[in-house]
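To keep things clear, I will list the structure first and then write my remarks on it.
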Amino acid sequence: MSLPGNVSATGNSVVMTSSLSRDYFANTTSGRTDVLSFRHGDIMGHRLQFRSRTNKITVCPFKVVCVDYPRPELDNTSNFLEAAYLSSTFPTAPRPAKPLNVVIAGAGLAGLSTAKYLADAGHKPILLEARDVLGGKVAAWKDQDGDWYETGLHIFFGAYPNVQNLFGELGINDRLQWKEHSMIFAMPNKPGEFSRFDFPDVLPAPINGIWAILRNNEMLTWPEKVKFAIGLLPAMLGGQAYVEAQDGLSVQDWMRKQGIPDRVTTEVFIAMSKALNFINPDELSMQCILIALNRFLQEKHGSKMAFLDGSPPERLCKPVVDHIESLGGQVRLNSRIQKIELNKDGTVKNFLLTDGNTIKGDAYVFATPVDILKLLLPEDWKPLPYFKKLDKLVGVPVINVHIWFDRKLKNTYDHLLFSRSPLLSVYADMSVTCKEYYDPNRSMLELVFAPAEEWIARSDSDIIDATMSELSKLFPDEIAADGSKAKILKYHVVKTPRSVYKTVPDCEPCRPLQRSPIEGFYLAGDYTKQKYLASMEGAVLSGKFCARAIVQDYELLAARGEVMAEASLV
């Protein structure tokens, strides 16, 4: 069955959404779920699981509870302190004699971050969002039943120091639900089984990560682990300079160059590549993997994961907006930019909105995905090398799938799961992992469908059929491709034809600095130059860098504003 989608070209992403309840999948009795509750009201039921020396999961038919883990000790790490120091420079900066009005396009995390830190520095951001929802690539919507569905499955890592600082600055650290320090992979050759990498809390980094790898004998043999370790030595010894120099190689090419068996790529790095950038190892730049490994292995809690306790627009974005508005800034939804209008000298005159209104400021920021920027880039700017390099940066397609089942699925965890399927990247039972989405009787699986390039134009029913076929391998006792076991109550499919930029080899030199060569015009977004990946952390850090550049340029921008004001009176 083909379903029509609603297309929204936004300041933060291009998203197609649609949903359908499949009546012919419903009308069965829900499986009984007995949950034992000891202390907290937000704990979930699971089977008791024992781990053998090979790290193979053995499942027993008992019910126990899972509780969220305490927030890890992140505040004393060097990266957290560096991020905290950068945050502190904004409220402690000299108060501007005349605050700048800074017009920012895009209320994703990059735009929200830019506006938040400019407001902290005493300026007046005017944040414009094309759609009626905050968040950009972390946007979410409520359906007619009151259930949320999201643009993506968002995980908050311990190695996200700027994001962690942002939560602390807003006083919302308690909204992160931390999970056990593990990475859990499905076993395609053993349907229904999982293999784990468990990071012991008693060991420091990188020993805890090495221990997790060495203890797992399900996915890699000892000879493969030894060759992998030897191959990684140059990266561990060469530092950031070595990491950046690998941008020209794909993951697959780098692995072969280092003499690492192809099975290491197949067993581990296909899953990691799709989780990091929604593409396979033969396309992904090795720099992306090395940045992630550096963060995850060098910081004790770097790979520890947390889920937000509800929808990102309400539980994360709204507190940022409240903070911005409390300091005199503005956030305007349904404000889509039609054109960047220029002065005679090539600088920005104003943003023209699709409703005919114009918005003027002392400075302007584009905090949209790179594809949106390129669509609206003035012709006079396109030949400039700074903007010309953007041609190679192209958003990658991704699909996020939500399926509500008529029963509680047993073969899952209170955690993120790497599916290791050809079509699926990662997934989670959000009825277990997220407080707001908790349901004691039914599961809601949220799945990242990637790579999605060949599927983005396919019907939602085709995508759901393909997803169910893959799920039948992950849940062989509970889900059948023909729907004869667990029944679908409803689903939502969210298509983003252009998401984070596709991190293919030789992209790094094309990433722009936040300060553009156009006086008074700046960029923010995870594709701009910063040391983290195309991620939530990268988006927040890019916003801080953008705000810092504007604060540093205050005298120039203030003087420019006075000249422009005088010229308008002549």
Side-chain angles (χ1 to χ4, degrees), residues 35-51 55 57 59 62-77 79-80 153-168 170-185 194-213 215-216 275 292 295-310 312 315-316 412-418 426-440 443 446 535-537:
V35 180
L36 303 178
S37 177
F38 294 110
R39 291 174 300 184
H40 301 287
D42 300 306
I43 48 188
M44 320 301 178
H46 279 277
R47 291 176 293 176
L48 186 60
Q49 296 155 350
F50 298 100
R51 199 170 307 118
N55 246 27
I57 299 301
V59 182
F62 297 108
K63 294 288 180 182
V64 298
V65 295
C66 288
V67 298
D68 295 329
Y69 287 70
R71 182 176 183 270
E73 296 178 3
L74 304 171
D75 298 4
N76 292 322
T77 65
N79 285 314
F80 185 93
L153 181 53
H154 305 293
I155 304 299
F156 297 80
F157 287 96
Y160 282 2
N162 290 282
V163 168
Q164 297 301 332
N165 267 274
L166 180 61
F167 273 84
L170 297 170
I172 58 172
N173 273 331
D174 60 342
R175 297 186 181 185
L176 288 177
Q177 296 180 249
W178 291 95
K179 307 305 178 183
E180 60 181 324
H181 198 171
S182 302
M183 300 183 77
I184 306 174
F185 291 75
F194 296 85
S195 185
R196 301 169 57 112
F197 293 88
D198 294 313
F199 295 72
D201 287 337
V202 296
L203 297 178
I207 299 174
N208 63 340
I210 295 171
W211 179 265
I213 295 170
R215 286 282 294 173
N216 183 297
R295 297 273 75 81
F296 292 165
L297 294 179
Q298 297 301 325
E299 301 175 27
K300 179 177 179 179
H301 303 292
S303 57
K304 194 161 190 175
M305 305 177 203
F307 286 73
L308 194 60
D309 66 357
R315 302 300 287 169
L316 172 55
T412 188
Y413 294 88
D414 182 14
H415 213 295
L416 179 75
L417 301 171
F418 293 83
V426 292
Y427 69 98
D429 186 344
M430 299 298 282
S431 71
V432 171
T433 61
C434 176
K435 291 180 182 178
E436 186 174 359
Y437 304 164
Y438 170 63
D439 188 325
S443 285
E446 185 171 344
S535 60
M536 293 185 290
E537 171 68 13

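In this structure, Asn208 has no side-chain hydrogen bond (donor to acceptor under 3.5 Å, both in side chains) partners at least two apart in sequence or on a different chain. With sequence neighbours excluded, the residues forming a side chain to side chain contact (heavy atoms under 4.5 Å, CB included) with Ala159 are Arg295, Phe296, Glu299, listed by chain and number. Taking Leu153 as the reference, Phe307, Asn400, Leu416, Val426, Ala428, Met430, Glu446, Val448 meet the side chain to side chain contact (heavy atoms under 4.5 Å, CB included) condition, with sequence neighbours excluded.
Once rounded to the nearest 0.5 Å, the distance linking CZ of Phe197 with CD1 of Ile213 reads 6.5 Å. For the atom pair Ser431 OG and Tyr438 OH, the distance stands at 8.5 Å (nearest 0.5 Å). Going from atom CG of Asp439 over to atom SG of Cys434 covers 12.0 Å, rounded to the nearest 0.5 Å. Taking CG of Asp75 as the start and CG of Asn173 as the end, the distance is 7.5 Å to the nearest 0.5 Å.
Between Tyr69 and Asp201, every side-chain heavy-atom pair lies at or beyond the 4.5 Å cut-off. Between Glu537 and Pro161, some side-chain heavy-atom pair lies under the 4.5 Å cut-off. In this structure, Gln164 and His301 have side chains that are not in contact, with every pair of non-hydrogen atoms separated by 4.5 Å or more. No side-chain heavy atom of Met305 sits under 4.5 Å from any side-chain heavy atom of Phe156. Leu316 places a side-chain heavy atom less than 4.5 Å from the side chain of Phe167.
A donor-acceptor contact shorter than 3.5 Å is absent between the side chain of His415 and the backbone of Ile184. A donor-acceptor contact shorter than 3.5 Å is absent between the side chain of Lys300 and the backbone of Pro72. Of the possible polar contacts, none joining the His154 side chain to the Leu308 backbone as a donor-acceptor pair under 3.5 Å is found.
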- Message: Could you walk me through whether Phe157 and Ser535 satisfy the side-chain contact (heavy atoms from CB on, under 4.5 Å) test, starting with their C-alpha distance in whole Å, then the side-chain angles of each, then the deciding distance to 0.1 Å, before giving a yes or no?
- Response: CA-CA 11 Å; Phe157 287 96; Ser535 60; over 6 Å; no

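Counting all heavy atoms, side chain and backbone alike, Trp211 lies closest to Pro200 at CD1-CG, 3.2 Å. Nearest heavy atoms, Trp178 versus Lys304: CZ3-O, 3.5 Å.
Looking at Phe194, Tyr427, Phe185 one by one, the single match for ring-ring contact (aromatic ring centres under 6.0 Å, His included) with Tyr413 turns out to be Phe194. Of the residues listed (Arg175, Gln177, Arg315), the one engaging Asp309 in a side chain to side chain donor-acceptor pair (under 3.5 Å) is Arg315, and it is the only one.
We find that Asp198 and Arg215 are not joined by a salt bridge, their nearest charged nitrogen and carboxylate oxygen being 4.0 Å or further apart.
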